[in-house]
Number of protein chains: 4
Amino acid sequence: MSFFISCRIVLYSSIILAMAWGSASAQAPASSNANPPDTVAELVAANHVLAKLKLVDAFGHITMRDPTNPQRFFMARGVPPVDVTEKDILVLDLDSNVIDKKAGSAPLEKFIHGEIYKARPDVNSIVHSHSPTVIPFSVSKTPLRPIAHTGAFLLPAVPVYEQRTTAGGASNMMISDQKLGKALADTLGQNTVALLRGHGSVVVAPKVGLAVYRTYFTEVSAQLLLQARQLDGPLTYIYPDEAALANDLRNTGYTRQWDLWKKEMGN
Amino acid sequence: MSFFISCRIVLYSSIILAMAWGSASAQAPASSNANPPDTVAELVAANHVLAKLKLVDAFGHITMRDPTNPQRFFMARGVPPVDVTEKDILVLDLDSNVIDKKAGSAPLEKFIHGEIYKARPDVNSIVHSHSPTVIPFSVSKTPLRPIAHTGAFLLPAVPVYEQRTTAGGASNMMISDQKLGKALADTLGQNTVALLRGHGSVVVAPKVGLAVYRTYFTEVSAQLLLQARQLDGPLTYIYPDEAALANDLRNTGYTRQWDLWKKEMGN
Amino acid sequence: MSFFISCRIVLYSSIILAMAWGSASAQAPASSNANPPDTVAELVAANHVLAKLKLVDAFGHITMRDPTNPQRFFMARGVPPVDVTEKDILVLDLDSNVIDKKAGSAPLEKFIHGEIYKARPDVNSIVHSHSPTVIPFSVSKTPLRPIAHTGAFLLPAVPVYEQRTTAGGASNMMISDQKLGKALADTLGQNTVALLRGHGSVVVAPKVGLAVYRTYFTEVSAQLLLQARQLDGPLTYIYPDEAALANDLRNTGYTRQWDLWKKEMGN
Amino acid sequence: MSFFISCRIVLYSSIILAMAWGSASAQAPASSNANPPDTVAELVAANHVLAKLKLVDAFGHITMRDPTNPQRFFMARGVPPVDVTEKDILVLDLDSNVIDKKAGSAPLEKFIHGEIYKARPDVNSIVHSHSPTVIPFSVSKTPLRPIAHTGAFLLPAVPVYEQRTTAGGASNMMISDQKLGKALADTLGQNTVALLRGHGSVVVAPKVGLAVYRTYFTEVSAQLLLQARQLDGPLTYIYPDEAALANDLRNTGYTRQWDLWKKEMGN
């Protein structure tokens, strides 16, 4: 949840970004998953897809690491994801400072993104959402574990972040500074998804489309496990060894679903 | 639930209201939350949003206190919320009498609104609905408590109103006179939401948009708690201290969601 | 569930029915609930509303007693309810024989309707559907009882019909002859709703619109009770004395919802 | 789940298939259920209906046996079902080899289909999907048994396929070769539906439309049983003797639902 408070709206326009916008496909970095690298158009589409899939409402955000400069990332200013256009995209450094102050203010919880990008060089895209069915898992003693191959990326674990511990007591529950962002990144560790107690989740991926895909299947995995628990156990969860093999397929194969979503949403 | 029985339909048109209609923004009262004060256009939009979010069907109502006269409130005559226009809006005093008798009849349960406005000067808008998932909580021994920050306004408590106690036995379950309305207002006390056993809820706020927002997240909070109870406890509920801080943010930040809903509904 | 097997499709057109079609409003019978009496246009609209509310799919049916001749009733031939037009409406006697053989064949389960109209002179409309959430109640030991005022009509009881008892063993589960129809009518007794074990429900009313309304709130009542059972009991059900009073209001007030549905469905 | 990896997209066009396309209705085989036999247009429609009913997303597939050559079957290349056109349809032999190599590549899990067609001469259409509510049953000790007549085809049993047993350990969970396909066919036996642990289901039928219909009611049956288990038991399941009779009706009567779906989807 982030609140955009600035009254002055300076729409983004930057020469620095022009390469990423128009010619990023010529800049493929080494990572096999980033070839071709994501473009800002992809990030805009991701905002729309997340909204249409009801994974975000007026709040929640997705960011991507700048493919031309890994010390920077792109994030929309605080407008509803369904309304985001390229003009809303800001550039931030990994301390979550907006580079061009005149371009506008970033959402309050920008620190989620900056701190995870610092800690995880393998991550090029991050989603923070309040996707509904993950929240019950964040307040219970039941770990979110996958029962279906579509949730294989949830292994080895989905840790739960408790801000009261970090903040030494009550907070407004927002990740509103670097210290809190770093604590969340520490909780996430080398996993793909972390839950924020009473709040939502963060989901990371090497690509924008895969971050959306995993956010969707985090929600689906929570729904499936909730249902399975009403049947007779013990339940069979996805085994770590098969999860690794399933992920190999999915980490490239997700594009068929991602492309379909973009088409359905008119992107 | 209210039934509009009058056969004569006299559409509202009043000099008294003209100020609120057209120039209410010049009449800002002291309350920080009522600046600028709500307009009747906002109340009409709220009727439509509640219907499109399926929080009301052909029944249920939202009212607002007249920003130019706190002893009066605005309420649509008994038409389905989705069909309400400015011409359907009546003016009532706090005894729930329609000021202009020729303008039409108010819904049977108008007393919910008059009596709560009397008891709660901080309240400027009230929703009564049969939003589905709150009803099971109204008939069980499980209190409706928030597990997510979006339901922080449900603290300190969501009391349940039992009309059999007030009425000394059976009633048709409608809040159909001042005595019943006052009993409901007493049950609500200084809380934000009360459940009506076997019937629905009332939700109050200082602003129309916030009343809609809270009605939506009352329903969502009920859904989340119902799911969480199927997982292993003990559950972690939102702590009172963090709820207070979360509410501070949300009591202004809700406008991004409210504006998005209005836009999506064509208002 | 009924299957329309006849290959010859003779569309209905009958002088006998002309009065009911065009001038039924001049024929108001004594029943207060049938004034003005239903028209065939109302029956066609009811087919569409039931389909759009997903209470029926390609199967399920609603009938109405002929307001000009209580020994006859109107029923669409076996087409999906969403497709029914006035030309599809057949006239049957209370032994469930189609009056005009050339007009087409009636659905297999026409006997549900004929036998209930025989046994219940107060009933002018009947719905048979497979509305999903009532089915679990039909196979369990949990009675379907209302927890919300919108389900007050479910009192005094919702009996469950078991065809194996009547048929003396296995059947195809369809109410495919007069004997089975009479057994179902006997199970229904003076109640408003009966469940058919492993199959669906029948819902009766004095008016077409009220039959649709009650079918919808039978489904809603089942959903609410299913949720309530996951909370801490004991649950408070609607009391018989307040149900009677609530029904008094609703038996006329339902028209606001019914009119809204018809409008939303373009009828 | 299948991934289409080939980069070269050769659209299908074959003289061999022309008869099935245009004049299959003149080729009725002996099976009463295949008269008239399915056409490729029916298979394309089935892809669209499955997608619109949300039984498949970008993945999942339906095939049909070639009515003119029972040693061959038709399967779309790896595009999202909602996008399938006649040009995407490939012809495969029962070892799951694509006949015309230039026509494109078949989905990875084509072996599901080839091996079941080999083992089950009565089967002319097969659906593989990840329809959500069947997955919890695939990982629990609760058998998927029908409580409603619409699920009668689930008897005598819905076996669960465990690939770890067949593969002797971890796999990527895909049915990616003949050995795995045969093991799944063995698990299915003479039943109509088998679940794949942690993955999805296969559903078979003598006709394309009936395969879709059964896939839909497999999902519905899982939803109904999940709900029924939250009520007081013991539950009454559909009896084998009545299931047989109910199936007799439904194996022809399903066409009303199938035709409605096709019409609703614009096919």
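As the structure is a computational prediction, the values presented were derived from the model and not from experiment. Lettering of chains follows the sequences in order, A, B, ..., and the numbering in each one begins at 1.
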Q: Could you check C:H128 against C:T63 for side-chain contact (heavy atoms from CB on, under 4.5 Å), going step by step and ending with a plain yes or no?
A: CA-CA 9 Å; C:H128 167 52; C:T63 59; over 6 Å; no

**Q.** C:E219 and C:Q223 side chains, donor-acceptor separation under 3.5 Å
**A.**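 Yes.
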
Q. Taking atom types as modelled, is there a side-chain donor on C:N251 or C:R214 under 3.5 Å from an acceptor on the other?
A.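 Yes.
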
Among the options [options], pick out the one with the most heavy-atom pairs lying under 4.5 Å from chain B.
options: C:L231, C:T255, C:L245; answer: C:L231
options: C:G151, C:A244, C:P234; answer: C:P234
options: C:V220, C:I238, C:L224; answer: C:L224

Q) By a 4.5 Å heavy-atom criterion (distance strictly below it), what part of B:Q163 contacts chain C: side chain, backbone, both, or neither? A) neither

Q) In terms of side-chain geometry, is the basic nitrogen of B:R164 or C:D241 positioned less than 4.0 Å from the acidic oxygen of its partner? A)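 Counted as a salt bridge, because a side-chain N and a carboxylate O are separated by less than 4.0 Å.
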
Q: Please round to the nearest 0.5 Å and tell me the distance separating atom CZ of C:R120 and atom CG of C:L188.
A: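 Rounded to the nearest 0.5 Å, the CZ-CG separation comes out at 5.5 Å.
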
Q. Hey, which of B:G169, B:A222, B:P132, B:S140 has the most heavy atom pairs under 4.5 Å with chain C?
A. B:S140

